[in-house]
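Here's the structure we're looking at; comments come further down.
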Amino acid sequence: MNKKQARMLVRILLAAALLIALHFVPAEGWVRFGFYLVPYLVIGYDILLKAARGIARRQVFDECFLMAVATVGAIALALYEGSGDYTEAVAVMLFYQIGEWFQSYAVGRSRRSISQLMDIRPDYANVEREGRLEQVDPDEVEVGTVIVVQPGEKVPIDGVVTDGTSTLNTAALTGESLPRDVKAGDEIISGCINLTGVLKVQTTRPFGESTVSRILDLVENASSRKSRSEDFISKFARVYTPAVCLAALALAFLPPLVRALGLGLPADWDTWIYRALTFLVISCPCALVISIPLSFFAGIGGASRAGVLVKGSNYLETLSQTRIVVFDKTGTLTQGVFEVSGIHHTELEKARLVEYAALAESASSHPISKSLQRAYGRQPDRSRVRDIQEISGNGVTAVVDGHAVAAGNNKLMDRLGIPFIPCHSVGTIIHMAIDGRYAGHIVISDVVKPHSGAAVQALKAAGVRRTVMLTGDAGKVADQVAAELGLDEVYSELLPADKVEKVEALLRAKPERDKLAFVGDGINDAPVLRRADIGIAMGAMGSDAAIEAADVVLMDDDPLKIAKAIRISRKCLGIVYENIVFAIGVKLICLALGALGLANMWLAIFADVGVMILAVLNAIRALFVKKL
């Protein structure tokens with residue numbers, strides 16, 4: 001509870017205590033009015049000031065104006081009648097402020113969940129200078145600088161570990177409590193907490209473009225994009241409030257005039273003015289105006305705690321209607337890391353074949369070469385290699401330890417006139433020849449992410465009707481991945497422009513109410529992410545262009561979070577619709593009862609404040625997403 005909420009709670013308790021005490025004070029007339037004016041001003045002075053400022057600015061019709069008119073009118077009516085019954089007016093203001101306090105507490109609860117995410121902002125980076133560590137502003141650290149991250153410190157900037165091993169706590173970024181082990185050569189992202197060993201990290205991005213900065217920017221700007229439901233409520237309130245004020249005015253004056261002038265009956269002004277004031281209290285749209293934005297705010301906060309960043313409540317609403325999910329393959333469903341997955345038809349030891357391949361490819365920076373070097377497991381000794389010749393589109397030839405080594409595809413073997421054994425495995429095939437004789441082949445393939453299969457099944461369980469994969473890979477590779485993951489459709493050998501065309505075709509073919517989500521991570525995915533109804537990007541290792549173009553960002557690159565994001569959005573929208581139906585339904589019933597004289601101020605208090613409190617408490621449920 002912050003200081004403002006604490007002061008409001010003191011005012012509420014003081015006004016309530018005074019109101020109860022005044023029941024036992026035998027006072028009449030103006031003295032009684034003066035006594036009751038004290039708790040009224042204690043609890044309502046700020047509402048009266050806001051109403052006065054609104055009138056001065058010609059922004060009259062809001063809930064403060066309604067509360068001020070209704071309560072001042074009730075006090076004036078009690079003075080006119082001489083009844084001395086000021087309890088209702090004070091109670092209306094008191095319970096209204098109780099509702100405001102609950103709303104403030106709920107917003108604070110949502111903000112605290114997001115402020116926990118804000119704690120990932122690093123205060124400094126350690127740079128080693130002349131044998132000493134200096135703490136510098138992360139903004140001042142240039143790309144390529146080696147920084148030191150000690151146990152207990154946040155990783156301030158994205159980079160690659162150059163020295164040390166440790167365990168990272170990624171919970172603030174991903175919502176997962178499982179630690180991640182890192183060693184030299186691993187990429188790490190800012191915002192993680194180093195738990196055990198000392199790490200030396202070479203920065204790969206400036207602080208302003210690092211993961212932590214992008215996350216904070218996304219969260220801080222999320223509330224600026226309103227959903228259709230929020231826009232509806234804003235427009236509804238602008239029309240509804242003046243309408244009910246006019247209706248209350250008509251209720252106060254028309255029936256008495258009709259009774260007096262048309263029917264020859266007593267006007268009974270007191271009764272109809274009281275009904276009009278009750279009507280005003282009932283009509284206050286607080287429950288809708290407060291609870292709907294709060295529901296979305298809580299939904300965005302709950303999603304961020306689960307490692308899903310939604311850039312605005314409009315995207316949360318669209319996400320809830322997703323029925324088609326289209327995936328990019330590399331880096332989205334697969335890790336985008338090529339690994340040796342098989343060694344076939346070799347008379348040499350498999351490790352020896354990989355060693356020759358890694359040494360022959362040691363001068364190349366191609367991903368295939370990198371995968372061979374990782375499989376070799378050691379830094380290649382370049383002194384063992386000479387006469388390296390790279391043949392574009394074919395492969396590499398070299399002399400390794402005095403042996404002529406050729407590593408490449410079918411074309412290289414044909415070029416050298418060496419008979420080879422075709423491979424039926426899916427992946428990139430590296431045929432090897434040593435001293436002019438075929439030595440076998442190595443299969444290199446992209447690795448499917450551990451949760452990709454479960455992610456596809458979870459989407460279907462969440463009501464997604466079609467799952468589609470678009471990729472630039474060869475058809476054979478794409479078909480195998482699609483079959484392994486249980487995808488409904490696959491389109492392969494696509495250029496970036498082809499992907500956009502395919503998504504356009506899917507958008508044209510789908511039912512209007514169904515929304516299409518595209519999930520990607522690369523620069524080439526940015527146009528498709530923008531064109532889809534909703535774009536979902538991988539946030540940990542995804543490109544800046546993809547994250548900028550996307551509407552939703554998954555902080556740990558886990559495709560299983562897509563289904564969770566959809567479930568979170570549907571829970572949030574369900575709460576929004578519950579609050580709309582509940583608030584409007586109760587209001588309409590109570591307004592009818594108030595107009596007919598069957599509702600007094602106490603029922604009006606329930607219709608206004610009680611409904612608001614219940615709607616706000618319901619909205620808070622959007623924060624709790626752990627079990628979804």
Any side-chain heavy atom of [X] within less than 4.5 Å of one from [Y]?
{"X": "D558", "Y": "L554", "answer": "no"}
{"X": "F518", "Y": "V325", "answer": "no"}
{"X": "P151", "Y": "V198", "answer": "yes"}

- Message: I need the full list of salt bridge (Lys or Arg N to Asp or Glu O under 4.0 Å) pairs touching residues 422-432, with sequence neighbours left out, sorted by first then second residue.
- Response: none

- Query: Would D414 and K411 pass as an ion pair if we require N to O under 4.0 Å?
  - Reply: no

- Do R466 and D488 sit within salt-bridge range, that is, some charged N less than 4.0 Å from a carboxylate O? no

Excluding sequence neighbours, so at least two apart, what forms salt bridge (charged side-chain N to carboxylate O under 4.0 Å, His left out) with [X]?
{"X": "D498", "answer": "none"}
{"X": "K510", "answer": "D533"}
{"X": "R384", "answer": "E355, D401"}

I need the [X] [atom1] to [Y] [atom2] distance, nearest 0.5 Å.
{"X": "D158", "Y": "T203", "atom1": "CG", "atom2": "OG1", "result": "9.5 Å"}
{"X": "S445", "Y": "I429", "atom1": "OG", "atom2": "CD1", "result": "8.5 Å"}
{"X": "R415", "Y": "I391", "atom1": "CZ", "atom2": "CD1", "result": "4.5 Å"}

Indicate yes or no for a side-chain donor-acceptor contact from [X] to the backbone of [Y] under 3.5 Å, with no hydrogens or angles considered.
{"X": "N409", "Y": "L412", "result": "yes"}
{"X": "S492", "Y": "T471", "result": "no"}
{"X": "K311", "Y": "A550", "result": "yes"}
{"X": "E489", "Y": "V326", "result": "no"}
{"X": "T196", "Y": "T167", "result": "yes"}
{"X": "K561", "Y": "A306", "result": "yes"}
{"X": "K502", "Y": "L494", "result": "no"}
{"X": "N126", "Y": "V149", "result": "no"}

- Can you name the ring-ring contact (aromatic ring centres under 6.0 Å, His included) partners of F420, sequence neighbours left out? H431

- Closest approach of Y376 and V354, non-hydrogen atoms and distance? N-CG1, 3.8 Å

- Which atom of D328 lies closest to which atom of T332, heavy atoms considered: O-CB, 3.2 Å

- Set of residues satisfying side-chain hydrogen bond (donor to acceptor under 3.5 Å, both in side chains) with respect to N194, sequence neighbours excluded: S166

- Could you tell me whether K460 atom NZ has more than 12 heavy atoms of other residues or ligands within 6.0 Å of it? yes

- Item | Verdict with reasoning, V340 to L372, per side-chain contact (heavy atoms from CB on, under 4.5 Å) | CA-CA 7 Å; V340 173; L372 288 169; 4.2 Å; yes

